[in-house]
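Nothing here was measured: the structure is a model prediction, and the numbers come from that model.
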Amino acid sequence: MFRLLLSGFVLTVAALVAGADEKKDPKATTTWVRESNGVDLKFEFGKDAGTFNVFVGENGVVVKAKLTREKDTVTAEFTEVEEKGNFPSKPKKGDKISFTWVEKDGAAKLSDLKGADDAKDVLEGEYKVKK
């Protein structure tokens with residue numbers, strides 16, 4: 001009986017420790033969303049990688065990128081580009097963009113976009129954290 005209780009205690013402690021480690025996971029991502037002129041934007045940012053989803057209805061593009069950060073400036077180098085449906089002017093693997101990203105109280109503002117001037121009016125603005 002004692003062994004059974006001890007085993008249960010050890011499993012409980014192991015589960016709590018694993019849960020605590022998940023909170024400190026450097027690969028954890030935060031998802032940000034925005035709708036702009038009929039375009040649905042979803043950005044998933046991790047420590048050094050990100051995914052940008054840009055859709056108009058069923059048509060869109062999913063772009064994976066390597067991220068580097070210096071203060072509030074984020075630079076993204078596109079490592080993978082996947083078109084869904086028919087999406088005009090999709091970026092290419094190897095393209096780079098940079099922007100200012102400032103987070104505050106569950107919101108973030110993207111500004112000073114460089115490298116994608118034709119998308120500036122859609123991408124720049126305020127994003128909300130997806131809960």
Side-chain angles (χ1 to χ4, degrees):
M1 182 69 155
F2 179 71
R3 288 183 190 169
L4 184 60
L5 287 172
L6 184 60
S7 296
F9 177 73
V10 169
L11 287 174
T12 302
V13 170
L16 290 173
V17 170
D21 287 345
E22 286 176 16
K23 292 179 185 174
K24 296 178 183 177
D25 183 2
K27 293 185 180 184
T29 60
T30 303
T31 302
W32 299 89
V33 294
R34 167 182 162 84
E35 188 279 325
S36 177
N37 299 323
V39 179
D40 292 315
L41 304 162
K42 180 173 83 169
F43 295 170
E44 298 168 324
F45 290 145
K47 181 178 178 183
D48 58 3
T51 303
F52 303 92
N53 295 272
V54 181
F55 278 84
V56 178
E58 298 293 318
N59 299 309
V61 65
V62 178
V63 178
K64 294 188 179 192
K66 176 184 170 189
L67 302 178
T68 54
R69 299 172 193 244
E70 187 174 315
K71 296 186 182 181
D72 293 336
T73 302
V74 177
T75 301
E77 180 179 350
F78 301 153
T79 58
E80 202 175 308
V81 178
E82 181 182 359
E83 184 178 23
K84 304 280 188 172
N86 185 17
F87 192 80
S89 303
K90 70 179 181 186
K92 296 177 186 77
K93 181 179 176 178
D95 284 355
K96 290 183 182 181
I97 62 169
S98 67
F99 51 89
T100 300
W101 183 262
V102 179
E103 298 176 18
K104 185 176 180 182
D105 300 328
K109 184 175 182 182
L110 188 152
S111 60
D112 301 321
L113 178 66
K114 295 178 178 80
D117 294 336
D118 55 336
K120 199 170 193 168
D121 59 334
V122 173
L123 297 179
E124 285 189 342
E126 189 158 316
Y127 290 76
K128 295 188 188 289
V129 70
K130 183 177 180 183
K131 297 179 183 182

Report, one line per pair, each donor and acceptor closer than 3.5 Å where one atom sits in a side chain of residues 102-119; sequence neighbours left out.
unit_1	atom_1	unit_2	atom_2	d
Glu103	OE2	Trp101	NE1	3.0
Asp112	OD2	Thr100	OG1	3.2

Measure across [X] and [Y] and return the closest heavy-atom pair with its distance rounded to 0.1 Å.
| X | Y | value |
| --- | --- | --- |
| Val63 | Phe78 | CG1-CD2, 3.3 Å |
| Leu123 | Arg34 | O-NE, 4.0 Å |
| Thr75 | Ser98 | OG1-CB, 3.9 Å |

Check whether Val33 and Val39 end up in the same hydrophobic cluster, where Ile, Leu, Val, Met, Phe, Trp and Tyr are linked by side-chain heavy atoms less than 4.5 Å apart.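 In one cluster with Val33: Val39, no.
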
Could you give all pairs that pass the salt bridge (charged side-chain N to carboxylate O under 4.0 Å, His left out) test and reach residues 74-86, with sequence neighbours left out?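 The answer is Glu82-Lys84, Glu83-Lys90.
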
Check: Asn86 main-chain N/O paired with Asn59 side-chain donor or acceptor under 3.5 Å: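 Yes, Asn59 side chain to Asn86 backbone: donor-acceptor pair under 3.5 Å.
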
Run the side chain to side chain contact (heavy atoms under 4.5 Å, CB included) check on Val62 and Phe55 step by step: do they pass? CA-CA 9 Å; Val62 178; Phe55 278 84; 3.9 Å; yes

Assess the residue pair Val81 and Lys92 against the criterion (side chain to side chain contact (heavy atoms under 4.5 Å, CB included)); give the C-alpha distance rounded to whole Å, side-chain angles, the decisive distance to 0.1 Å, and a yes or no. CA-CA 6 Å; Val81 178; Lys92 296 177 186 77; 5.7 Å; no

Measure the shortest side-chain to side-chain distance between Val61 and Phe52 over non-hydrogen atoms and say whether it is less than 4.5 angstrom.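 They are not in side-chain contact.
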
How about Val54 and Phe87: do any of their side-chain heavy atoms sit closer than 4.5 Å?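 Yes, at least one pair of side-chain atoms sits under 4.5 Å.
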
Would you give the length of the straight line joining atom CD of Glu44 to atom OG1 of Thr51, rounded to the nearest 0.5 angstrom?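 Answer for the CD-OG1 pair, Glu44 versus Thr51, is 5.0 Å.
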
Value rounded to 0.5 Å, distance of CZ in Phe43 from NZ in Lys130: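 Between atom CZ of Phe43 and atom NZ of Lys130 there are 14.0 Å.
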
